[in-house]
Amino acid sequence: MPTILDGRKIANDIKKEVAFKVTSLKDAGKRAPHLAIIICGDDSASHTYVGGKINACKTVGFDYTLMQVATTISEEKLIQHIDNLNQDPDIDGFIVQLPLPDHISVEKITGRILPEKDVDGFTNQNFGSIVTQNPLLLPATPFGIMELLKRYEIETKGKHCVVVGASRIAGAPLSLMMMQQGLATVTVCHKYTENLEAHTVSADILIVAVGKPGLITADMVKEGAVVIDVGTTRVDDASAKSGFRLKGDVDYDKVAPKTSFITPVPGGVGPMTIASLLMNTLRAYEMRIS
Ligand code: GUN
């Protein structure tokens with residue numbers, strides 16, 4: 001049977017480490033790191049994710065500011081909020097929760113955030129810094145996955161890592177990090193890839209970040225592979241109290257018995273993204289005060 005990569009447990013370990021540092025800072029008379037979050041509109045999934053981020057701030061002793069803005073906000077006005085946060089000396093890092101309404105350009109908004117406050121790691125400068133010796137603030141989801149692999153002592157060097165999905169916030173930066181830091185041989189598959197299975201079956205480490213529930217079936221996975229599922233899609237489930245449940249991109253029940261390690265959904269990559277956000281905010285704080 002596989003080892004379940006317990007993102008909740010590892011994220012809790014990281015929270016304890018961050019909380020310990022915050023306590024030491026406060027004991028030394030310093031202020032706590034301060035994270036701000038902008039959320040636009042009332043998408044319930046976004047509010048749930050942001051709630052998790054706020055709770056994590058409370059757990060580790062960070063200061064936090066939640067800015068709720070209307071779906072109808074203009075791009076110009078949202079940019080003004082970003083400029084204010086960029087200039088605010090009390091704010092160490094901030095994020096704009098995605099998705100944004102269609103009339104607002106994600107590229108314009110994320111590109112406006114100062115790289116040293118970009119704790120999601122979305123800006124071009126932080127993306128590019130993956131390939132430098134001293135990365136600044138790493139993209140949060142890929143950072144969390146690398147940390148999960150590290151803490152379970154999973155060897156990546158020389159392994160064949162297949163990343164399915166080439167998005168700007170997950171697949172693309174992750175493939176670079178697996179190559180640069182993980183020293184893996186990387187194949188990136190995306191929506192134009194022909195014969196996806198021909199690639200996935202050769203993966204020692206298979207990472208899937210597409211958002212298509214059940215895309216990866218057992219016949220697409222090599223015996224003994226490490227499987228990381230980044231997908232979290234809400235699907236209707238009348239038996240659940242909320243009326244939905246989260247489903248990953250991997251057909252977990254059928255795939256898991258073939259693997260050596262696998263992440264569950266929920267409880268795998270999701271909590272690690274929040275842990276990365278905390279680590280990045282602490283790093284942003286430390287870079288600012290040093
Ligand atoms: N929406 C889904 N995932 C994320 C994330 O990691 N950061 C932000 N800002 N929005 C998201």
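Ligands are counted one by one from 1 in listed order, and the atoms in each one are counted from 1 as well. In what follows, residues are counted from 1 in the order of the sequence shown. None of these values were measured; they are calculated from a predicted model.
Distances shorter than 4.0 angstrom occur between a heavy atom of Phe122 and an atom of ligand 1.
A salt bridge between Arg245 and Asp237 is present, with a side-chain N of the basic residue lying under 4.0 Å from a carboxylate O of the acidic one. Looking at Lys117 and Asp92, no side-chain N of the basic residue comes within less than 4.0 Å of a carboxylate O on the acidic one, giving no salt bridge. Taking the charged nitrogens against the carboxylate oxygens, Arg283 and Glu286 have no contact shorter than 4.0 Å, which rules out a salt bridge. Taking the charged nitrogens against the carboxylate oxygens, Arg151 and Glu147 do have a contact shorter than 4.0 Å, which makes a salt bridge.
Only the side chain of Asp120 comes within contact range of ligand 1, with a heavy atom under 4.0 Å; no backbone atom does.
If you check which protein heavy atom lies closest to atom 1 (N) of ligand 1, you get Leu98 O, 2.9 Å.
Between Gln97 and ligand 1, a contact under 3.5 Å exists for at least one N or O pair. Checked by distance only, ligand 1 and Val96 come closer than 3.5 Å through their nitrogen or oxygen atoms.
A pairwise comparison of heavy atoms in Val162 and His199 identifies CG2-O, 3.6 Å as the closest pair.
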